[in-house]
Amino acid sequence: DVCSSDLPDPSPGRILPVSLLAKLHLASLVGGAESPYACLEENLYAFAPYSPAITRKEKDAGLFPEHAATYGEVAPTGLEMLLQHVGGVPKGMAFLDLGSGLGKAALQAFTSTIALQVVGIELSITRHEGAVRALASLARRFPTLAEQLRKGGRHLEFQHRDVLQT
């Protein structure tokens with residue numbers, strides 16, 4: 001149980017790695033998750049629909065022809081393996097998530113790498129709004145963690161736009 005075992009008692013003024021901070025903040029809320037990120041995801045997306053519908057306006061505009069509105073996610077363990085395979089995100093570099101949906105992969109990259117900037121770009125307004133809500137929930141429910149994640153000028157943002165027009 002990564003979320004609730006072997007958690008040190010942080011001393012005042014002690015600097016802890018972000019992954020450990022996430023573990024400390026979330027251990028009291030969710031037990032049994034497979035990683036600190038999984039704890040965070042369970043808390044931020046507890047009431048979010050798995051596959052938010054696209055709007056009638058988006059359908060009428062032809063933004064999602066045929067089956068292009070199908071929603072899928074990369075599992076957290078899959079993204080973790082991919083990031084490990086490519087050597088992570090080097091310090092000072094950016095991570096872009098094109099078709100970011102609810103923002104889970106972008107949020108995971110932001111919390112588990114040293115990327116300076118993480119940007120999620122999503123065409124569907126309902127999915128984009130879900131990502132923005134999760135980010136706002138992080139800041140509201142876990143302000144200390146959110147502050148630690150932004151240290152050194154780090155930044156996570158979600159944009160509602162067409163990646164083909166960017």
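Keep in mind it's a predicted model, so treat the numbers as computed, not measured.
- A cation-pi arrangement is present between Lys104 and Tyr45 under the rule of less than 6.0 angstrom and at most 45 degrees off the ring axis.
- Between Thr55 and Asp60 there is no side-chain heavy-atom pair separated by less than 4.5 Å.
- The backbone N or O of Pro76 sits less than 3.5 Å from a side-chain atom of Gln108, completing a donor-acceptor pair.
- Val89 and Ile114 get closest at one heavy-atom pair: O-CG1, 3.4 Å.
- The main-chain N or O of Ala53 is found under 3.5 Å from a side-chain atom of Thr126 such that the two form a donor-acceptor pair.
- Among all heavy-atom pairs drawn from Ala105 and Asp97, the shortest one is CB-OD2, 3.5 Å.
- Here the CG atom belonging to Leu138 is positioned 8.5 Å from the CZ atom belonging to Phe110, to the nearest 0.5 angstrom.
- Gln165 contributes no side-chain N or O that, together with a main-chain N or O of Asp162, makes up a donor-acceptor pair within less than 3.5 Å.
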* Asked: Between Val132 and Leu135, does a side chain to side chain contact (heavy atoms under 4.5 Å, CB included) hold up when you go through it step by step?
  -> CA-CA 5 Å; Val132 170; Leu135 185 57; 5.8 Å; no
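- Formation of a donor-acceptor pair under 3.5 Å by the Glu122 side chain with backbone atoms of Gln159 is not found in this model.
- Interatomic distance, CG of Leu145 versus CG of Leu40, reported as 6.5 Å (0.5 Å rounding).
- Residues Ile125 and Phe158 are members of separate hydrophobic clusters, defined by side-chain heavy-atom contacts under 4.5 angstrom among Ile, Leu, Val, Met, Phe, Trp and Tyr.
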* Please assess Ile54 against Lys59 for the test side chain to side chain contact (heavy atoms under 4.5 Å, CB included), listing each intermediate value before the final yes or no. => CA-CA 7 Å; Ile54 59 172; Lys59 288 179 186 177; 3.5 Å; yes
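- Within the 4.5 Å cutoff, side-chain heavy atoms of Glu157 are placed close to those of His155.
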* Phe64 vs Glu58, side chain to side chain contact (heavy atoms under 4.5 Å, CB included): CA-CA, chis, key distance, verdict -> CA-CA 7 Å; Phe64 294 94; Glu58 291 170 329; 4.1 Å; yes
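- Between the side chain of Arg141 and the backbone N or O of Asn43 there is at least one donor-acceptor pair closer than 3.5 Å.
- Here the shortest heavy-atom pairing between Phe95 and Ala106 reads CE2-CA, 4.4 Å.
- Ser137 places no side-chain N or O within 3.5 Å of a backbone atom of Arg133 that could act as its donor or acceptor partner.
- Panel note: side chain Ser100, backbone Gly103; no donor-acceptor pair is recorded below 3.5 Å.
- Considering all non-hydrogen atoms of both residues, Val118 and Ala115 come closest at CG2-CB, 3.9 Å.
- Between the side chain of Glu73 and the backbone N or O of Ala75 there is no donor-acceptor pair closer than 3.5 Å.
- The nearest pair of heavy atoms linking Arg161 to Ile121 is CG-CG2, 3.3 Å.
- Without hydrogens or angle criteria, Arg154 side chain to Leu116 main chain gives no donor-acceptor distance under 3.5 Å.
- Ala146 and Ala139 get closest at one heavy-atom pair: CB-CA, 3.9 Å.
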